[in-house]
Engineer: 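Here you go, one structure.
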Amino acid sequence: MPTAETTVEACPECEGRVGVESEVRAGEIVECPECAAELEVVGVSPLMLALAPEADEDWGE
Amino acid sequence: MPTAETTVEACPECEGRVGVESEVRAGEIVECPECAAELEVVGVSPLMLALAPEADEDWGE
Amino acid sequence: MIDVAVVGASGYIGGELLRLLLDHREVRVGAAVSTRLAGSRVDRVHPNLRGRTDLTFTALDALGDHDVVFVAVGQTAGLDLVPRLRERAKCLIDLGADFRLRDPGLYERYYGTAHTAPELLGSFVPGVPETHRAELAVADAVSMPGCMAVASILALRPLAEAGVVAGAVTVDGRIGSSGSGVRAEQMNLHAERSGTMRLFAPTNHRHEAEIAQATGVRARMSATGVEAVRGAQVVCRVPVREPLGDKDVRRLYRQHYQDEPFVRIIAQRRGLYRLPEPKILSGTNYCDVGFATDPDTSTVVAVAALDNLVKGGAGGAVQCMNVRMGWPEHLGLEFPGLHPV
Amino acid sequence: MIDVAVVGASGYIGGELLRLLLDHREVRVGAAVSTRLAGSRVDRVHPNLRGRTDLTFTALDALGDHDVVFVAVGQTAGLDLVPRLRERAKCLIDLGADFRLRDPGLYERYYGTAHTAPELLGSFVPGVPETHRAELAVADAVSMPGCMAVASILALRPLAEAGVVAGAVTVDGRIGSSGSGVRAEQMNLHAERSGTMRLFAPTNHRHEAEIAQATGVRARMSATGVEAVRGAQVVCRVPVREPLGDKDVRRLYRQHYQDEPFVRIIAQRRGLYRLPEPKILSGTNYCDVGFATDPDTSTVVAVAALDNLVKGGAGGAVQCMNVRMGWPEHLGLEFPGLHPV
Amino acid sequence: MIDVAVVGASGYIGGELLRLLLDHREVRVGAAVSTRLAGSRVDRVHPNLRGRTDLTFTALDALGDHDVVFVAVGQTAGLDLVPRLRERAKCLIDLGADFRLRDPGLYERYYGTAHTAPELLGSFVPGVPETHRAELAVADAVSMPGCMAVASILALRPLAEAGVVAGAVTVDGRIGSSGSGVRAEQMNLHAERSGTMRLFAPTNHRHEAEIAQATGVRARMSATGVEAVRGAQVVCRVPVREPLGDKDVRRLYRQHYQDEPFVRIIAQRRGLYRLPEPKILSGTNYCDVGFATDPDTSTVVAVAALDNLVKGGAGGAVQCMNVRMGWPEHLGLEFPGLHPV
Amino acid sequence: MIDVAVVGASGYIGGELLRLLLDHREVRVGAAVSTRLAGSRVDRVHPNLRGRTDLTFTALDALGDHDVVFVAVGQTAGLDLVPRLRERAKCLIDLGADFRLRDPGLYERYYGTAHTAPELLGSFVPGVPETHRAELAVADAVSMPGCMAVASILALRPLAEAGVVAGAVTVDGRIGSSGSGVRAEQMNLHAERSGTMRLFAPTNHRHEAEIAQATGVRARMSATGVEAVRGAQVVCRVPVREPLGDKDVRRLYRQHYQDEPFVRIIAQRRGLYRLPEPKILSGTNYCDVGFATDPDTSTVVAVAALDNLVKGGAGGAVQCMNVRMGWPEHLGLEFPGLHPV
Ligand SMILES: NC(=O)c1ccc[n+]([C@@H]2O[C@H](COP(=O)([O-])OP(=O)(O)OC[C@H]3O[C@@H](n4cnc5c(N)ncnc54)[C@H](OP(=O)(O)O)[C@@H]3O)[C@@H](O)[C@H]2O)c1
Ligand SMILES: NC(=O)c1ccc[n+]([C@@H]2O[C@H](COP(=O)([O-])OP(=O)(O)OC[C@H]3O[C@@H](n4cnc5c(N)ncnc54)[C@H](OP(=O)(O)O)[C@@H]3O)[C@@H](O)[C@H]2O)c1
Ligand SMILES: NC(=O)c1ccc[n+]([C@@H]2O[C@H](COP(=O)([O-])OP(=O)(O)OC[C@H]3O[C@@H](n4cnc5c(N)ncnc54)[C@H](OP(=O)(O)O)[C@@H]3O)[C@@H](O)[C@H]2O)c1
Ligand SMILES: NC(=O)c1ccc[n+]([C@@H]2O[C@H](COP(=O)([O-])OP(=O)(O)OC[C@H]3O[C@@H](n4cnc5c(N)ncnc54)[C@H](OP(=O)(O)O)[C@@H]3O)[C@@H](O)[C@H]2O)c1
Ligand SMILES: [Zn+2]
Ligand SMILES: [Zn+2]
């Protein structure tokens, strides 16, 4: 439950709406609700998100 | 959904409460909600129920 | 509070309708019709309703008038029954196959028998609020598409309406055993049906015609019975006019579904449940839709999952009733589903 | 409207608490604690909650004060955690094993480690409204029995309280894989766990002590992991002082349970579901209880079934909260269960 | 090379007999009798035999003389059939229930109908090589115990023969859906039978009498249908005269079974499969037996598992034939079973 | 009698190799290599082998020289291992993915890492006797295709070689959980994996390249994890140059497979098992292939099923060894499979 104020950003991966709390700091990771990508806060003013580097989980059989 | 008036009788098998509609006729089958026995209306005034003869379903493996 | 009846109430769709309607706050279930079990308690065959209702089954000819009548009888049984029941109800919602296709010729081709009430076909509104909400709001007769047809329609529609589909689509459906209904037949025996991957329709599945009618897209459909009781999934391979990437496709889905109460877009990069899967939808009215893209071959793989007895049947019908009555669309359909399951 | 928190929210019981609490009309979920996943969305691991919440997990040390705190962490983790968390909540409901037994000696014997807060044991009320409703209405600390213990207690109690039990009872428990929690271990691998009849506790199951404490009956318990994700069933063989027939036993059960909202008596002569079975209880808060009698050997076989994550865990805890808050006991627990399934 | 016939060959036990006999190097299958399907290929209903045989079903009255006739027809059908077929065969092996009990009174009590050939009961040798090897070597008529009876007999016998059993034993049987045979009935529908824990015999299971007859131990048996197609397991609680520990009990089992080709003692302290479980026995002729002890209460929990269609039926019968013919006992029964599965 | 070794013997393919090789009358298992479990008994992790062997695992560096070495280690582990092990064996049979593709560029594209021994790629013969029998008879290095690749190759080859394929084929694979190997990971947990229809590869499955290499046909492959432990099925949609009917297609399949010991053509008009299904193939070395035709759209749907651990892995490798050694091809592979199951 977001307690602080949140800004809504577009996910760089899927353009989904990602809520980011206003007190976020660079380097933190937020998660896109729609595509579940992990996004790194690469800048705070203005807020900038980038796809976090990701160990490709092997999801197969 | 009982549309007519119902009397509540005790199931002869399990003493559960069986609702029987007032316009029931002898020979009809009602069902006990609790033990699922089929009960035959063997008398109407006074209302009397008896365990209906039952083909023992084979329920096993 | 309205009064409703369910015909075919001893079947699997019928039982699911009872489950939903008995807990619906605007509805009173006036009759549950069964020809075989008239007089018996409904919880005798639907044990989940124990302690929830004392309702007993009504004979078909004892059926009176009701605000809404839901008809969920077996294949082709509706041909005769539905026309007779229309006068019993302000609104009739048919869950069978008999009034889904507008073209009686297609009906005969897919069902192997001539349609006996072709003049009625035009009067049924397809029971898909996502595509026919306005018409459903005033409909007197509604026909629910088949469960895998609903899934396919919802999966394909954003692509179809955007005009990007380049040719025939293949639809690979998978479905659990409740899709075969309540009758005991050899092929539905546990020892035979358990663990199958049974391609019961390798080509020309009947839903092809429904999908084409609803989306304008030619579909070639096969279907497989897999190990599950509830649940259906469709995997649609869609040739597209130009290479489309995930973002492009997501934009199309979002346009159609972002405000839909029962369609969720599931296409994720991580986690265990990245694309739509039926098991977490058991008992819910969701149709999850998702996609993957292969720009190299200009292909989109569109996927949808739902519970065949709910969004693919009874739940969809309740949603249509809600629309028809002007009630909030989610009334009686709030269950979120389970995990793990 | 009260504010609640769930600790252990990334686990299976934790997820089930979230499912129930997010739809509970008197409750706001203030925090979902996970040590591993703080900052992540809860629907990442609980995919059934997609579209239902934007909640993210909170770190344990960020946990503030809440009206009710539910604690659902692994075995023995509560020993340390529960005492620390009591001050965070007006009422703490622990779903773990650490505060179930009043006798620290028994705890050590069954759990293999000394209890580190024995002074608190007396202050926990057992989370079984059917036996402790009045105390729960004013409790500040509640301890939920294990899932098969709840089932056993409800199965045995009518016989125990009537004083008819003539000696030690045997309890044969069967349970699905969700009973092992969310951790990936070899024994829980699908390929290994699938289709098992795994007698993981052939003798001396830990719930013996809980059953004895709650019913006064000596119990010898074994447990088997069977093919299911959710669901637990107990089959109790009870030697009785004198031959008892079905009517006698039914009378005892009826006395205890006829007004209980979540205990149904299931002992029928016909149909497919004559005695309690878990599968139709998935997602529900029911504990179905039933029995068969063998007057020739003065034995009663008492049977109970429930969903281990609901009435055997999260649902039972919500029911206790409802009692504690003076709300209708069924709030948020209305789901009737599915059939077929 | 001998010539054999199978009566009831369209059923599940019949099909399993065919599977084993067609690959048996000393045997030629001369006839596979079915009343319903005479003239049809056997691989029509037994798809695993495709490519292995061109055999077709024979009508019952076309049955000639054979060295061994296996009879695997439904309950009570053997009463009439078995006496008639005895003259067709040098050795008849009956897999049904009708010639298992020596006492016709017990038969009537457990099967609800009078025995019509009580004079024959004494002439059948129980089909358990582990207990009747010498008599089987010269038997003309063999009666195979029920599948859960075989498991119980093998589990209990080391304790019974050592004279340590102190009273009535309880037997809790669990079994898969193939135990119900090939007939399509509502209770065996996949959607209804799937995932059950169905206590179809809470007391007085029919195998009680067989177990008592074979071991001299009073048994009270219940049985549950669980999710599986093949497989049966019994969990027996045995009160013993004095506290017995694992070593004591292991010694008793080892004495009886160390040279048995098809009984393995499984009671391990580590690993995933510590006690007997049916799933890894599918298709094999093993009966795994194991135990746990509770010296504090002078109880032994004895466990056995087998494939109901193999060691509990067709495989046991082939083993008996091997003994009768003086062949190596494992001929045609070499399959070790699968893992994972 | 030759002497063989299995590397990766603690895994699922490794265990299956042991099962088959221990019962193979021409083979002695000289070593079962495990890095984790060296010194332990093999029946500790492969409980089906209890009573069949006293073999213990060998450390990798204790591996000596053997006539045949089977390598069944995880993805990319073979890159390093296989080249080192070639000198240990007269014939090495690799079951991993690393030496399947002749083109190192394709390897990098599909496996995301550069091939470190590209010079060896040309020396491996594909382990498919149906297509490479003559070369296998003299091969020193064999590379088994993936399990769904084998199925696809056998399904498509009669069409491909007849030159009737008109364009890219789509392959929809379905597979059980044993396909993921023995490692405990969250996605393979029973509670998560159970009942799934998990489209883990919606596009671009790795077997595409293998299928293309073997058949010359462009394939677009997706794969779904379904509820099963063993078993794989592929459904291939094949556009054909001209309308083909059932008879035409059957003729093509018959030409290729009528003398094959392990390929059965299953395309029937009646019965429950009309097209290939894996469940009746568990434990067998069969690959069942079948088809349906849709002349209207010039499409053939080709279907194949097998046990991923047998014909799709260990059994195929044993068959290759049999060919290599000049033995009857079915040696050690006689198990017909079970029904019901
Ligand atoms: N199962 C699914 O997944 C699903 C999904 C979407 C739509 N549907 C459609 O919904 C309908 C019902 O399916 P179902 O699976 O529920 O079937 P079902 O379980 O076989 O039940 C059908 C019920 O219809 C009744 N019935 C049959 N013939 C009748 C007749 N001539 N007149 C009156 N009642 C008759 C039967 O009850 P009595 O014998 O007791 O009268 C039966 O219980 C079908 O048209 C099906 O295509 C099914
Ligand atoms: N499963 C059942 O059927 C069932 C039924 C009734 C009662 N219970 C009881 O309920 C409790 C939870 O069971 P479960 O099945 O939900 O287990 P679970 O799935 O393993 O989840 C337990 C959760 O507790 C958290 N946790 C573990 N150690 C912790 C610690 N030291 N401090 C804080 N959090 C910790 C973990 O989350 P993070 O690592 O993310 O923090 C984990 O997700 C257990 O005590 C169990 O005995 C279980
Ligand atoms: N299933 C088990 O796990 C198991 C284990 C041990 C022993 N058994 C016993 O083995 C016997 C067969 O069991 P099953 O499970 O194989 O049953 P099933 O699958 O029902 O097969 C029985 C077969 O018997 C034939 N049959 C029935 N009545 C007959 C009659 N009057 N005359 C001639 N043939 C008749 C039927 O074939 P047609 O109609 O084609 O003639 C039927 O296919 C039963 O006595 C059972 O108790 C079963
Ligand atoms: N599963 C299938 O359906 C299937 C079908 C066809 C082909 N395959 C292929 O067969 C191979 C094995 O598959 P699987 O399912 O059996 O996998 P698995 O169950 O994970 O077993 C692989 C075994 O390899 C050993 N191993 C791993 N890394 C190793 C290394 N660097 N050096 C030596 N040993 C190592 C491990 O044993 P220790 O840790 O004990 O050494 C492990 O038990 C894979 O390449 C797979 O692609 C699998
Ligand atoms: Zn995103
Ligand atoms: Zn009653």
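To find a chain, count down the sequence lines: A is the first, B the second, and so on, and within it residues start at 1. Model, not experiment: these values are computed from the prediction.
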Engineer: If you measure from CG on L49(C) to CG on L55(C), what distance do you get to the nearest 0.5 Å?
Structural biologist: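 These two atoms lie 9.0 Å from each other.
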Engineer: Closest heavy-atom contact between I265(C) and F291(C)?
Structural biologist: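 Nearest pair, atom of I265(C) first, then F291(C): CG2-CE2, 4.2 Å.
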Engineer: Which atom names give the shortest non-hydrogen contact between I175(C) and C147(C), and what distance separates them?
Structural biologist: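 Reported closest heavy-atom pair: CD1-SG, 3.6 Å.
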Engineer: With a 4.5 angstrom heavy-atom cut-off, could you sort out which part of V182(C) is near chain D: side chain, backbone, both or neither?
Structural biologist: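 For V182(C), neither part sits under 4.5 Å from chain D.
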Engineer: Could you tell me which non-hydrogen atom of P278(C) sits nearest to which non-hydrogen atom of A232(C), and how far apart they are?
Structural biologist: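 Scanning both residues, the minimum pair turns out to be CG-O, 3.5 Å.
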Engineer: On a heavy-atom basis, which atom in L17(D) and which in A72(D) lie closest, and how many Å separate them?
Structural biologist: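 So the minimum-distance heavy-atom pair works out to CD1-CB, 4.3 Å.
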Engineer: What option among G51(C), P336(C), G337(C) has the most heavy-atom pairs under 4.5 Å with chain D?
Structural biologist: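 Highest number of heavy-atom pairs under 4.5 Å: P336(C).
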Engineer: Which pair of non-hydrogen atoms, one from L21(D) and one from V318(D), has the smallest distance, and what is that distance?
Structural biologist: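 Minimum heavy-atom contact is CD2-CG2, 4.0 Å.
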Engineer: Hey, what donor-acceptor pairs show up under 3.5 Å between chain D and chain C?
Structural biologist:
unit_1  : atom_1 : unit_2  : atom_2 : d
N48(D)  : ND2    : G337(C) : O      : 2.9
R50(D)  : O      : R264(C) : NH1    : 2.5
R50(D)  : NH1    : Y273(C) : O      : 3.2
R50(D)  : NH2    : Q268(C) : OE1    : 3.3
R50(D)  : NH2    : Y273(C) : O      : 2.4
R52(D)  : NH1    : Y286(C) : OH     : 2.8
R52(D)  : NH1    : E334(C) : O      : 3.1
R52(D)  : NH2    : E334(C) : O      : 2.5
R230(D) : NE     : P340(C) : O      : 2.7
R230(D) : NH2    : H339(C) : O      : 3.3
R230(D) : NH2    : P340(C) : O      : 3.3
R264(D) : NH1    : R50(C)  : O      : 2.5
Q268(D) : OE1    : R50(C)  : NH2    : 3.3
Y273(D) : O      : R50(C)  : NH1    : 3.2
Y273(D) : O      : R50(C)  : NH2    : 2.5
Y286(D) : OH     : R52(C)  : NH1    : 2.8
E334(D) : O      : R52(C)  : NH1    : 3.1
E334(D) : O      : R52(C)  : NH2    : 2.5
G337(D) : O      : N48(C)  : ND2    : 2.9
H339(D) : O      : R230(C) : NH2    : 3.3
P340(D) : O      : R230(C) : NE     : 2.7
P340(D) : O      : R230(C) : NH2    : 3.3

Engineer: Which region of L309(C), side chain (C-beta onward) or backbone (N, CA, C, O), has a non-hydrogen atom less than 4.5 Å from a non-hydrogen atom of chain D, or is it both or neither?
Structural biologist: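 Answer is side chain: those atoms of L309(C) sit under 4.5 Å from chain D.
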Engineer: Grab the two heavy atoms, one from C287(C) and one from A304(C), that are nearest each other, plus how far apart they are.
Structural biologist: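 Heavy atoms of C287(C) and A304(C) come nearest at SG-CB, 4.1 Å.
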